[in-house]
Number of protein chains: 2
Amino acid sequence: MSVPTQTVDKRVERSKAKVLAETYRQLVQSGIAGVSVDEVSRISGISKTTIYRHWPSRSALLIDACSRLGGTPVAPDTGSLRGDARALLSHLAHQLRTANWASVYPSIIDAAERDAELSTMQAALHKTFMAPFEAIIERAKAKGEVPRDHVTNDVVALLVGPFFFRRWFAKEGMDDCFIDAVVEAALR
Amino acid sequence: MSVPTQTVDKRVERSKAKVLAETYRQLVQSGIAGVSVDEVSRISGISKTTIYRHWPSRSALLIDACSRLGGTPVAPDTGSLRGDARALLSHLAHQLRTANWASVYPSIIDAAERDAELSTMQAALHKTFMAPFEAIIERAKAKGEVPRDHVTNDVVALLVGPFFFRRWFAKEGMDDCFIDAVVEAALR
DNA sequence: ACGAAACAGTACGGCACCGTACCGTTCTAT
DNA sequence: ATAGAACGGTACGGTGCCGTACTGTTTCGT
């Protein structure tokens, strides 16, 4: 009665976890280009031989580590679209200020510009990040709160775009006043 | 009657131009991490010795090359704020599709996240890029087309953010319909 | 208890890169 | 014309990195 196709060996899980944790740390600290297998091995205490036993290449390790950036998305339900949007954007603003992935994401975006595998990974990550926004808009459409001829992805861009812009390009803050301005503009 | 503090030697100007051109080419093709002094030397035909005679380090060369990304900004004057915004955004959408800097900019954004010098360079570049948008908004404020209590930078974020979002994050197109949606939302 | 699998340690080979030193040649400014 | 600057070519030292081979040890599953 063995577990079918899963990795069950405790040693494997422990090694993998340690390697991924250290890879993640270097990823956040130095970006994709700053992750080195030698250093991951040195600091995590897992020998390089073992690392290459679990991942075929540095690239595979990076993609594996990046894929774990997305947290479980939460879709609020305050009753009104504006309330939901404000909640989501407030959370997003806080994440952009504090969360680890905020400093890694530009690295991924840059790499996705030239690497096909990372590009598909980024697409999946993006989909995960945007899912809650799509959800509240679709729900509002069903309730008639948003005209059906509004393209969902356009509304998402109107809501999220300004925040990404502020965090990574303009490097300005995002206070409640800004959140309100974005919500009012996008959900006019 | 010598030129005061300028570099006048034709050889110097020629070498510098060749090196910068090749650096720019590699920058566009492979991003910041993909620029190597050895390869710039090999392809441009300018010896490495000469390169290091003009720039103290690879980093200095990169910053010099990146600084030249910004084109001369054009501020349209169609008579109405909406017209100006549509013109600027249409031009921006086209640039994001075709211009060279569109593929380099994520590299700069990523590097600016961790390198102080590149960060100030990016800030200057950003200011240059956003200047036309600020100009048309300030002008509209003066004409009473936009309430004075609207923060200019907020409006810029509402206008430009969605386009950057589409180009680099969502990787979707930006047609005229999208442009109109953004303009109507931001300048409500 | 025992066979098999995972592990650490180490040492490589190969590559790409940065930055410098040296030397002989070419070109510019005056 | 000539001094001096800029240049090309080459070679080198040092570093960091990726991925592999080999050897012995530990640990898991049964």
Side-chain angles (χ1 to χ4, degrees), chain A residues 1-23 25-27 29-66 107 111 114-115 117-118, chain B residues 1-23 25-27 29-66 107 111 114-115 117-118:
Chain A
M1 202 159 69
S2 61
V3 183
T5 320
Q6 206 76 8
T7 305
V8 281
D9 198 319
K10 292 175 186 174
R11 296 171 292 181
V12 174
E13 283 182 13
R14 186 166 156 279
S15 299
K16 277 191 169 185
K18 278 196 174 184
V19 169
L20 280 174
E22 175 56 24
T23 303
R25 200 193 61 78
Q26 289 187 23
L27 209 48
Q29 188 187 339
S30 318
I32 287 186
V35 175
S36 125
V37 180
D38 281 278
E39 201 172 345
V40 167
S41 165
R42 191 160 50 246
I43 301 185
S44 70
I46 304 298
S47 96
K48 228 167 47 155
T49 318
T50 303
I51 296 180
Y52 278 101
R53 201 175 282 127
H54 293 310
W55 291 273
S57 68
R58 170 182 178 274
S59 189
L61 172 60
L62 281 177
I63 288 179
D64 198 353
C66 287
S107 237
R114 288 164 202 92
D115 184 272
E117 256 181 325
L118 273 168
Chain B
M1 205 158 67
S2 63
V3 183
T5 322
Q6 208 74 9
T7 304
V8 282
D9 198 320
K10 291 175 186 174
R11 295 172 293 180
V12 174
E13 283 181 13
R14 187 165 155 280
S15 299
K16 278 190 167 183
K18 278 197 174 182
V19 169
L20 281 175
E22 175 56 24
T23 304
R25 199 193 62 77
Q26 289 188 23
L27 208 49
Q29 188 187 340
S30 318
I32 287 187
V35 174
S36 123
V37 180
D38 280 276
E39 202 172 345
V40 167
S41 166
R42 190 160 50 246
I43 300 184
S44 70
I46 304 297
S47 97
K48 227 167 46 154
T49 318
T50 302
I51 295 180
Y52 278 101
R53 206 173 277 130
H54 292 310
W55 291 273
S57 68
R58 170 181 178 276
S59 189
L61 172 61
L62 281 176
I63 289 180
D64 198 354
C66 287
S107 237
R114 289 163 201 93
D115 183 274
E117 257 182 324
L118 272 168

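Each chain gets a letter, A, B and so on, in the order its sequence line appears, and its residues count up from 1. Owing to the predicted nature of the structure, the values given are computational and were not obtained by experimental measurement.
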Pick base, sugar-phosphate or nothing for B/Val40, based on heavy-atom distances below 4.0 Å to the nucleic acid. nothing
Take atom OH of B/Tyr52 and atom P of D/dC7, then tell me their distance rounded to the nearest Å. 16 Å
Just compare D/dA6, C/dC18, D/dA21 and give me whichever is closest to any side-chain atom of A/Thr49. D/dA21
note: B/Glu39, atom CD; C/dA16, atom C1'; distance rounded to Å ~ 10 Å
Mind calculating the distance between CZ (B/Arg14) and C1' (C/dT28) to the nearest angstrom? 13 Å
Find the distance B/Ile46:CD1 to C/dT26:P and express it as a whole number of Å. 16 Å
Of the listed nucleotides (D/dA6, D/dC28, D/dG8), which one gets closest to any side-chain atom of B/Thr50? D/dG8
Side chain to side chain, A/Leu61 and A/Leu20, heavy atoms closer than 4.5 Å: yes
Ignoring hydrogens and angles, answer whether the base of D/dG9 and the side-chain atoms of B/Lys48 contain a donor-acceptor pair closer than 3.5 Å. no
What is the distance, to the nearest angstrom, from the NZ atom on A/Lys18 to the P atom on C/dC7? 11 Å
Among D/dC28, C/dT28, C/dG19, the one nearest A/Arg11 by side-chain distance: D/dC28
What is the distance from NZ of A/Lys16 to C1' of C/dA6, rounded to the nearest Å? 13 Å
Measure from CG on B/Asp9 to C1' on C/dT26 and round the result to the nearest Å. 12 Å
What nucleotide among C/dA5, C/dG9, C/dC18 has an atom nearest to a side-chain atom of B/Val37? C/dC18
Measuring from the side chain of A/Ser15 (C-beta onward, heavy atoms only), which nucleotide among D/dG9, C/dC18, C/dC7 has the closest atom? C/dC7
Pairwise 5' ranking along DNA chain C for A/Asp38 and A/His54, keeping only the more 5' one: A/His54
Start with the C-alpha distance between B/Ile43 and B/Arg25, add both sets of side-chain angles, then the distance that settles side-chain contact (heavy atoms from CB on, under 4.5 Å), and finish with yes or no. CA-CA 11 Å; B/Ile43 300 184; B/Arg25 199 193 62 77; 3.7 Å; yes
Using 0.5 Å steps for rounding, measure from the SG atom of A/Cys66 to the CD1 atom of A/Ile32. 4.5 Å
Indicate whether OP1 or OP2 belonging to D/dG9 is found under 4.0 Å from a side-chain N or O atom of B/Ser47. no
Rounded to whole angstroms, how far apart are CH2 on A/Trp55 and P on C/dA6? 14 Å
Winner on side-chain proximity to A/Arg53, out of D/dC7, C/dA6, D/dC18, is C/dA6
Within the 4.0 Å heavy-atom criterion, would you say B/Arg58 contacts the bases, only the backbone, or no part of the nucleic acid? sugar-phosphate
Find the distance between CZ (A/Arg58) and CG (A/Asp38) and round it off to the nearest 0.5 Å. 11.0 Å
Can you find a pair of side-chain heavy atoms, one from A/Trp55 and one from A/Ile63, that are under 4.5 Å apart? no
Closest to side chain of A/Ser57, choosing from D/dG19, D/dC17, C/dA6: D/dG19
